[in-house]
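Side-chain atoms are counted along with the backbone in the values below, which use heavy atoms only and exclude waters and symmetry mates.
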Amino acid sequence: MMKDRMWWRHLVGLAALVFALVPIIFLISAALNPVGTLSSTSLIPSGASFSNFTKLFHDPNSPYVRWYVNTLVICGVSAVLNVLIGVGGAYAFSRLSFRGRRPGLTGILLVQMFPNFISLTALYLTFISIGSVLPALGLNTSLGLILVYLGGAMGVNTWLLKGYLDTIPKELDEAARIDGASENQVFFRVILPLAVPMLVVVGLFSFVSFLNEILLAGVFLTDTTHKTLAVGLYGLVSGNHNTDYGEFAAGSLLAGIPVVLIYLYLQKYLVKGLTAGAVKG
């Protein structure tokens, strides 16, 4: 009787699986379609070939390898620094008592209510001025874009990490201080090791969000050799390149490899961090 009532759950699970896999299968089919147009792409490819991948790596107008390297550097550095800044702010709000603590938390939350594109003009003008003094940090530089991404590091991540740090007993801090540990030693040797699962979650989510970000990267990176994968691949299906959907699909498929590998490598931390955050946060 109970099994008869459970059949619909299997149906829902199967529908969710199909919903998740069909776009991936269609992307693979488009990448293997030698014609390179959406109108000629079907769910099951016919006459499949790797011509789109070959064209992607040999197209002089699309330095894909360079875009790939730019993306890994920008997203990797931004994700790591994003986590460090976020956990630093979370530690201060979770463990330290100071004037303005509650208004500071509220202010951080309110700032995150406004989308990034609202500040786009101000950021653009600011980095024009910065570039005139420090060209390495101005427009059309990876370091400049990394600084822009770090501007939002004190937002949601601070709240998320603070909730996790609040679950770590403060008695551990006090015991470490009694043993002569400094504030830096408490932070780096006690708190950070215990917060690794949530740090991994925040870092991975940050990496994926930066990988998919196109608005700020499209404005700040205009030179072809400085573009990220998101900006470069978008250029393949816009303007005069509106027939290069095969290259776009091939490039998008390869762009997902780092994320998949990171997920597989860090899955034990992801499961622990997400469940702990859901239960204790």
Side-chain angles (χ1 to χ4, degrees), residues 1-53 56 68 71 75 79 112-113 115-117 155-157 159-161 163-164 197-215 228-234 236-238 242-281:
M1 186 68 178
M2 181 63 67
K3 292 183 178 180
D4 294 337
R5 296 179 179 178
M6 298 288 289
W7 65 270
W8 63 271
R9 298 188 180 184
H10 298 283
L11 184 61
V12 172
L14 181 61
L17 182 63
V18 172
F19 183 79
L21 289 180
V22 167
I24 298 177
I25 295 174
F26 188 84
L27 181 66
I28 296 174
S29 177
L32 298 176
N33 178 20
V35 180
T37 60
L38 286 180
S39 59
S40 61
T41 301
S42 58
L43 195 60
I44 300 177
S46 58
S49 71
F50 292 95
S51 59
N52 288 320
F53 293 91
L56 183 68
Y68 214 104
T71 300
C75 295
Q112 295 305 303
M113 296 174 62
N116 289 335
F117 65 82
V156 178
N157 291 340
W159 275 88
L160 182 63
L161 289 167
Y164 190 86
M198 186 55 67
L199 297 181
V200 170
V201 171
V202 172
L204 182 56
F205 286 174
S206 298
F207 183 90
V208 174
S209 66
F210 295 144
L211 180 67
N212 296 327
E213 200 282 320
I214 190 173
L215 180 62
T228 59
L229 281 174
V231 178
L233 291 176
Y234 174 74
L236 295 178
V237 291
S238 63
N242 55 8
T243 60
D244 293 330
Y245 285 102
E247 285 187 66
F248 175 84
S252 300
L253 196 62
L254 294 177
I257 292 178
V259 178
V260 174
L261 294 178
I262 294 174
Y263 265 104
L264 293 176
Y265 181 73
L266 300 175
Q267 58 181 332
K268 62 178 181 179
Y269 297 106
L270 288 172
V271 173
K272 185 176 180 180
L274 288 173
T275 54
V279 175
K280 300 179 183 179

Specify the closest pair of heavy atoms between [X] and [Y], including all atoms of both residues, with the distance to one decimal.
X: G251; Y: L233; value: C-CD1, 3.8 Å
X: Y68; Y: L254; value: OH-O, 2.6 Å
X: A79; Y: F210; value: N-CE1, 3.9 Å
X: L211; Y: A255; value: CD2-O, 4.1 Å
X: L160; Y: V202; value: CD2-CG2, 3.7 Å

### Query
Is a donor on one side and an acceptor on the other found under 3.5 Å between the side chain of N52 and the backbone of N33?
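At least one qualifying donor-acceptor pair exists.
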### Task
Go through the steps for L161 and L199 under the test side chain to side chain contact (heavy atoms under 4.5 Å, CB included), then give the verdict.
CA-CA 8 Å; L161 289 167; L199 297 181; 3.8 Å; yes
### Task
Could you note down all residue pairs passing side chain to side chain donor-acceptor pair (under 3.5 Å) where residues 206-215 supplies at least one of them, sequence neighbours left out?
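As it turns out, the side chain to side chain donor-acceptor pair (under 3.5 Å) pairs with a partner in residues 206-215, which skip direct neighbours, are N82-S206, Y149-E213.
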### Query
Residues in side-chain contact (heavy atoms from CB on, under 4.5 Å) with L27, at least two apart?
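side-chain contact (heavy atoms from CB on, under 4.5 Å) check on L27 returns A249, S252, L253.
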### Message
Ring-plane angle category for F248 and Y245, please: parallel below 30°, perpendicular beyond 60°, tilted otherwise.
### Response
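Perpendicular: the ring planes of F248 and Y245 meet at over 60°.
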### Task
Assess whether atom OH of Y263 is packed by more than 12 heavy atoms of other residues, nucleotides or ligands within 6.0 Å.
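More than 12 heavy atoms, drawn from other residues, nucleotides or ligands, come within 6.0 Å of this atom.
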